[in-house]
Asker: 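This is the structure, below, for whatever I ask next.
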Amino acid sequence: GIVINIITFFIYGIDKWFAKKDKRRIRERTLFIYSFMGGFLGAILGMKIFHHKTKKIKFYIFNILAMIIWIGVIYEIRGFLT
């Protein structure tokens with residue numbers, strides 16, 4: 001959990017740096033994959049701290065959906081184990 005969020009946070013920062021330097025960017029699909037793998041908190045924090053992808057509503061929607069899915073998965077696993 002923590003590691004994937006840290007990685008995702010730094011990926012957002014790196015992509016923002018690439019954007020400022022007019023370098024090759026990280027694919028949006030890659031950003032979405034990291035969020036869906038559990039890095040949604042790192043993604044949201046990266047969006048806020050680096051001011052990156054903040055005008056693209058699909059990033060907010062996707063990260064919120066990823067968070068809801070993960071909460072549901074954790075809830076189901078927890079219920080299954082008790």
Asker: Quick one: list whatever passes salt bridge (charged side-chain N to carboxylate O under 4.0 Å, His left out) with Lys58, sequence neighbours left out.
Answerer: Glu28
Asker: Can you tell me how far the CG atom of Leu45 sits from the CZ atom of Phe40, to the nearest 0.5 Å?
Answerer: 12.5 Å
Asker: Decide whether Ile4 and Ile71 are clustered together by the hydrophobic rule: side chain heavy atoms of Ile, Leu, Val, Met, Phe, Trp, Tyr closer than 4.5 Å, transitively.
Answerer: no
Asker: Are Phe50 and Tyr12 close enough that their ring centres sit under 6.0 Å apart?
Answerer: no
Asker: Indicate, with yes or no, if Leu31 and Ile49 share a hydrophobic cluster defined by side-chain heavy-atom contacts under 4.5 Å among Ile, Leu, Val, Met, Phe, Trp and Tyr.
Answerer: yes
Asker: Would you compute the distance between atom CG of Leu65 and atom OG of Ser35 and round it to the nearest 0.5 angstrom?
Answerer: 11.0 Å
Asker: Walk me through it: do Phe32 and Phe59 pass the test ring-ring contact (aromatic ring centres under 6.0 Å, His included)?
Answerer: CA-CA 8 Å; Phe32 287 140; Phe59 278 85; 4.6 Å; yes
Asker: When you measure from the side chain of Trp70 to the backbone N and O of Gly39, does any donor-acceptor pair fall under 3.5 Å?
Answerer: no
Asker: Kindly compute the distance separating CG (Leu41) from CD1 (Ile2), expressed to the nearest 0.5 Å.
Answerer: 10.5 Å
Asker: Can you see which heavy atom on Asn63 is nearest to which on Ile44, and at what distance?
Answerer: CB-CG1, 3.8 Å
Asker: Quick check: are there more than 12 heavy atoms from other residues, nucleotides or ligands sitting under 6.0 Å from OH of Tyr60?
Answerer: yes
Asker: Using every non-hydrogen atom in the two residues, find where Met47 and Lys53 come nearest and quote the distance to one decimal.
Answerer: CE-O, 3.5 Å
Asker: Say you draw a straight line from CD1 of Ile68 to CD1 of Ile64; how long is it, rounded to the nearest 0.5 Å?
Answerer: 7.0 Å
Asker: Is Met67 reachable from Ile69 through a run of hydrophobic residues whose side-chain heavy atoms are each under 4.5 Å from the next?
Answerer: no
Asker: So, taking the atom named CG in Asp15 and the one named NE2 in His52, what distance separates them when rounded to the nearest 0.5 Å?
Answerer: 3.5 Å
Asker: Within a 6.0 Å radius of atom CZ on Phe36, are there more than 12 heavy atoms belonging to other residues, nucleotides or ligands?
Answerer: no
Asker: Backbone N or O of Ile26 within a donor-acceptor pair of the Thr30 side chain at under 3.5 Å?
Answerer: no
Asker: Hey, could you give me the OG1/NZ distance between Thr54 and Lys48, rounded to the nearest 0.5 Å?
Answerer: 8.0 Å
